[in-house]
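Below is one structure, written out as structure tokens; the observations come after it.
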Protein chains: 2
Amino acid sequence: MLSALANPHRLRIVAALATGGRNYVSQLAREIGISRPLLHLHLQKLEAAGLVVSQLELSPDGKALNFFEVTDFGLELTPAAIAQAAKSLTDQSEQ
Amino acid sequence: MLSALANPHRLRIVAALATGGRNYVSQLAREIGISRPLLHLHLQKLEAAGLVVSQLELSPDGKALNFFEVTDFGLELTPAAIAQAAKSLTDQSEQ
DNA sequence: TACACCTGTAAGTTATTATTTACACATGAA
DNA sequence: TTCATGTGTAAATAATAACTTACAGGTGTA
């Protein structure tokens, strides 16, 4: 999840979806100003991290549109929270 | 800050310092189980992000020890917070 | 002097991410 | 049919990040 958010493009994508609501890939690519394949890749990472979800829909004129929207994730990032979360990391010595 | 935390080693480092208190480089490297140069690199990134601070001290027997400790950072990671924070990102079109 | 600690960093290599380009396919309208 | 819209993804390249190895230098003690 942290890796997914550690990228300026992906922060802008989340921000755009949080502010402007759900949107489909091509339109979002135009609004953010990056290429569609690149946006597609970033959306894949965000979706894999559970930060956005997608839903395929048909527009009135029959085009297939893949809509994305943000989930209502929340994460508190503090030293104590990280100390707690780090326990679930694979132990270095196990590898 | 997110980039700094998007790495398992650095999460372990923050966790170790949060749990065990301040520590110096060589000792911390032994406890975490990574090489000292590698730890040094990660500590640099954490310090650059303001997540840890260092202080050079002299041990009783005269050795120079560089102690690190976590700061009391805190960050709420939600869609709304990201939408707010994204405003301060350099605009794509400015580049 | 030689050893055992401590510090830092530069250089080279490897691995991972990010990005572009090009392709393949579908639908509705001119 | 051709064009404009939408979808996805594979492949090659570029850019970063991570990691190892090898230095160089400091102090105190045997």
Side-chain angles (χ1 to χ4, degrees), chain A residues 1-14 16-17 22-49 51-69 86 89-90 92-93 95, chain B residues 1-14 16-17 22-49 51-69 86 89-95:
Chain A
M1 176 171 173
L2 287 170
S3 305
L5 290 175
N7 177 285
H9 280 332
R10 291 197 287 270
L11 287 179
R12 285 192 199 96
I13 293 167
V14 170
L17 291 175
R22 62 204 300 273
N23 204 350
Y24 65 96
V25 184
S26 292
Q27 178 61 24
L28 185 57
R30 283 188 292 264
E31 290 179 7
I32 294 181
I34 65 179
S35 72
R36 190 179 53 79
L38 182 55
L39 174 61
H40 185 267
L41 178 111
H42 286 312
L43 284 171
Q44 277 187 324
K45 299 204 172 187
L46 288 172
E47 189 166 32
L51 303 176
V52 303
V53 290
S54 66
Q55 193 171 4
L56 199 63
E57 293 183 14
L58 289 178
S59 65
D61 63 340
K63 303 278 174 55
L65 305 181
N66 200 10
F67 278 87
F68 280 81
E69 62 186 321
L89 284 175
T90 306
Q92 182 82 1
S93 57
Q95 296 174 20
Chain B
M1 176 172 175
L2 288 170
S3 305
L5 290 175
N7 177 285
H9 281 331
R10 291 197 288 269
L11 287 179
R12 284 193 199 95
I13 293 168
V14 170
L17 292 175
R22 61 204 301 272
N23 203 350
Y24 65 95
V25 184
S26 293
Q27 178 61 23
L28 185 57
R30 283 189 293 264
E31 290 179 6
I32 294 182
I34 65 177
S35 72
R36 190 179 53 78
L38 181 55
L39 174 60
H40 185 267
L41 179 104
H42 287 312
L43 284 171
Q44 278 187 324
K45 297 202 173 188
L46 288 171
E47 190 167 31
L51 303 176
V52 303
V53 290
S54 67
Q55 192 171 4
L56 199 63
E57 293 183 14
L58 289 178
S59 66
D61 64 339
K63 303 279 173 57
L65 304 181
N66 200 9
F67 278 87
F68 279 82
E69 61 185 322
L89 284 174
T90 307
D91 193 329
Q92 181 82 2
S93 57
E94 290 175 11
Q95 295 174 21

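Just so we're on the same page: letters track the sequence lines, and every chain starts at 1. Remember, predicted model here, so these are calculated numbers, not experimental data.
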From C/dG8, C/dT20, C/dC6, nucleotide with atom closest to B/Tyr24 side chain | C/dC6

Residue A/Val25, side-chain heavy atoms: nucleotide from D/dA18, D/dT7, C/dC6 that is nearest = D/dT7

Write down the atom of B/Lys45, the atom of B/Ala4, and the distance for their closest heavy-atom approach.
-> O-CB, 4.2 Å

A/His42 near the nucleic acid: base, sugar-phosphate alone, or nothing, with a heavy-atom cut-off under 4.0 Å?
-> sugar-phosphate

Nucleotide of D/dG6, D/dG8, C/dT20 approaching A/Arg30 most closely (side-chain heavy atoms) = D/dG6

Rounded distance (Å) that lies between atom P of C/dT13 and atom CG of B/Leu38 = 19 Å

Answer with base, sugar-phosphate or nothing: what part of the nucleic acid does A/Leu41 contact at a heavy-atom distance below 4.0 Å?
-> base

Shortest non-hydrogen contact from A/Leu65 toward A/Ser59 = CD1-CB, 3.6 Å

Integer-rounded Å distance: C/dT19 P and A/Ile34 CD1 | 8 Å

Which of these nucleotides, D/dT9, D/dG8, C/dT7, is closest to any side-chain atom of A/Gln44?
-> D/dT9

D/dG8 phosphate, OP1 or OP2: any side-chain N/O from A/Asn66 under 4.0 angstrom?
-> yes

Nearest whole angstrom, please: distance from the P of C/dT16 to the CG of A/Leu2.
-> 19 Å

Given DNA chain D, 5'-ward residue of the pair B/Ala6 and B/Asp61, judged by closest heavy atom = B/Ala6

Checking side chain to side chain contact (heavy atoms under 4.5 Å, CB included) for the pair A/Glu47/A/Val52: CA distance, chi angles, key distance, verdict?
-> CA-CA 5 Å; A/Glu47 189 166 32; A/Val52 303; 4.0 Å; yes

Judged by nearest nucleotide, the residue sitting upstream toward the 5' end of DNA chain C, B/Phe67 or A/Lys45, is B/Phe67

Atom CG of B/Leu65 to atom P of D/dG26: distance rounded to whole Å?
-> 17 Å

A/Val53 side chain reached by A/Glu69 side chain, heavy atoms, under 4.5 Å | yes

Could you state the CD-P distance from A/Glu47 to D/dT7, rounded to the nearest angstrom?
-> 14 Å

Could you tell me whether B/Glu57 contacts a base, only the sugar-phosphate backbone, or nothing, with contacts defined as non-hydrogen atoms closer than 4.0 Å?
-> nothing

Euclidean distance, atom CZ of residue B/Arg36 to atom P of C/dA4 [Å, nearest integer] | 16 Å

Measure from NE2 on B/His9 to C1' on C/dA15 and round the result to the nearest Å.
-> 13 Å

Protein-nucleotide distance (A/Asn7, atom CG; C/dT17, atom P), rounded to Å | 11 Å

A/Lys63 or B/His40: which one's nearest nucleotide on DNA chain C is closer to the 5' end?
-> B/His40

Looking only at atom types and distance, does a side-chain atom of A/Arg22 sit under 3.5 Å from a main-chain N or O of A/Phe67, one as donor and one as acceptor?
-> no

Check every strand shown and say whether B/Gln27 touches a base, only sugar-phosphate, or nothing at a heavy-atom separation below 4.0 Å.
-> nothing

